[in-house]
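Below, read A as the first sequence line, B as the second, and so on, with proteins coming before strands; counting in each chain starts at 1.
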2 protein chains.
Amino acid sequence: MDLKYFNLDNIESMEKNYRIAFINSLGGFKSIALIGTSDNQGQNNLAIFSSVLHLGSSPPFYGVIIRPGLVERHTLGNIIETGFYTMNHINEDIYKQAHQTGARYPKNVSEFDKIGLTPEYHSLIKAPYVKESNVKFGLQLVEKIDIKINNTVLLIGKVIEAFIPENCILEDGFIDLEQAKSLTLSGLDSYHKTKKVGRLSYPKIYEPPVEI
Amino acid sequence: MDLKYFNLDNIESMEKNYRIAFINSLGGFKSIALIGTSDNQGQNNLAIFSSVLHLGSSPPFYGVIIRPGLVERHTLGNIIETGFYTMNHINEDIYKQAHQTGARYPKNVSEFDKIGLTPEYHSLIKAPYVKESNVKFGLQLVEKIDIKINNTVLLIGKVIEAFIPENCILEDGFIDLEQAKSLTLSGLDSYHKTKKVGRLSYPKIYEPPVEI
């Protein structure tokens, strides 16, 4: 492929929305989830996040980057208030609703009602799950790290429960997300399903990886 | 789909490798890249990372989570030494080589030589790119945040140059990563190509999103 070169001057002189689309696409496909929260009065909230990251398996920790914008502020406030949140995978049946949670609904409006997804509660977690989501897990807030350089926040949570389609759990613990119909995102607004290229064995220095 | 429920006790009592596969799959598809670095003596290094995250568009910041393991330690040391690193997308032609960079080669061994990828240098960055990668960008280290709770590190870098296939840049700045053949990862070892479901318009509270 013929590659085009961009230096920092080229990037900084891009029109604002062009640059946002460009930089958001640059890093590859993103880990997305709908985060469900409630405040202490039971007002629930649902918002899409595109920076979900695995931080550790024992204890099971997941992180998410939260930006200071209007939409994400409600999620952050609720998590700090209750200490709980849910992460819910997005599938092809609900991706338009998921995207729509990015609109700037006021705090006293439930995105569930507005966009037509169903909140589901489970006793352990003071936050709603998305009924229509196939893979979902509940977290307890463990740490909030302020990233001062650009005013974002890294929230770290401990996974305290999970719901997974029974037929998507392979015998080695791997969850077949393609079978579970989970989507990935590129840029700000492009949703993709996946097609497996291959699973590879654990890499060792004296032998090439093989398909498993 | 019939969902199976797991509480924290169920998760913690899983066999170690089963739990690692399970928890690594749980968060959805991952943003992956090969990170190229050199030390000040010019010894280069290449390693796969699965927690690349967009942090901001102006300035253009990307983060990556680095774990304390043997493999990732070389990358971290080099970045601290020189202040530079490259991120290179993985495509179907190089995913086996990319996976193999996760093997524990000693520091004085170049993964490029061992696995058959080609280092490429550009004047601005004291670190090698992967010639066989279609989308790649160079970063200057901006901040290192220690995540003490599980001994990982969040490195934040400023994008100072990028190489993108000319025919994959759409007129609004979006980079068509599917056309560029970039892959995504699930779990620790499952590589996937993508198939677009749809691009959606900017979400507004008074109208549903439409395909763009």
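Only the side chain of B/Val135 comes within less than 4.5 Å of a heavy atom of chain A; its backbone N, CA, C and O stay farther away. The part of B/Leu170 that comes within reach of chain A is its backbone (N, CA, C, O), which places non-hydrogen atoms under 4.5 angstrom from that chain. At a 4.5 Å heavy-atom cutoff, the contact between A/Ile164 and chain B is made by backbone and side-chain atoms alike. Proximity to chain A is limited to the side chain of B/Lys158, based on heavy atoms less than 4.5 angstrom apart. Contact of B/Ile205 with chain A is made through backbone and side chain together, with heavy-atom distances under 4.5 Å. Proximity to chain A involves both the backbone and the side chain of B/Ile160, based on heavy atoms less than 4.5 angstrom apart. With a threshold of 4.5 angstrom between heavy atoms, B/Ala162 approaches chain A through its backbone and through its side chain.
Distance check, rounded to the nearest 0.5 Å: CG of A/Asn167 to CG of B/Leu3 gives 9.5 Å. Note that CZ of B/Phe137 is 13.5 Å distant from CZ of A/Phe6, once rounded to the nearest 0.5 Å.
Chain A forms the most heavy-atom pairs under 4.5 Å with one residue out of B/Asn7, B/Leu154, B/Ile149, and that residue is B/Ile149. Ranked by non-hydrogen atom pairs under 4.5 Å with chain B, the options A/Val159, A/Ile11, A/Leu124 are led by A/Val159. Comparing B/Ser50, B/Pro59, B/Pro60 by heavy-atom pairs within less than 4.5 Å of chain A, the highest count is held by B/Pro60. When B/Glu111, B/Met14, B/Lys114, B/His122 are compared by the number of non-hydrogen pairs under 4.5 Å with chain A, B/His122 comes out ahead. Chosen from B/His99, B/Lys196, B/Glu161, B/Glu166, the residue pairing most often with chain A at heavy-atom distances under 4.5 Å is B/His99. Ranking B/Thr101, B/Leu188, B/Asp2 against chain A, the residue ahead of the rest is B/Asp2, based on heavy-atom pairs under 4.5 Å.
Within the 4.5 Å cutoff, side-chain heavy atoms of A/Glu211 are placed close to those of B/Lys96.
Listed here is the closest heavy atom pair of B/Ile147 and A/Leu55: CD1-CD2, 4.3 Å.
Contacts between residues 17-29 of chain B and chain A, defined by a heavy-atom separation under 4.5 Å, are made by B/Asn17, B/Tyr18, B/Arg19, B/Ile20, B/Ala21, B/Phe22, B/Ile23, B/Asn24, B/Ser25, B/Leu26, B/Gly27, B/Gly28, B/Phe29.
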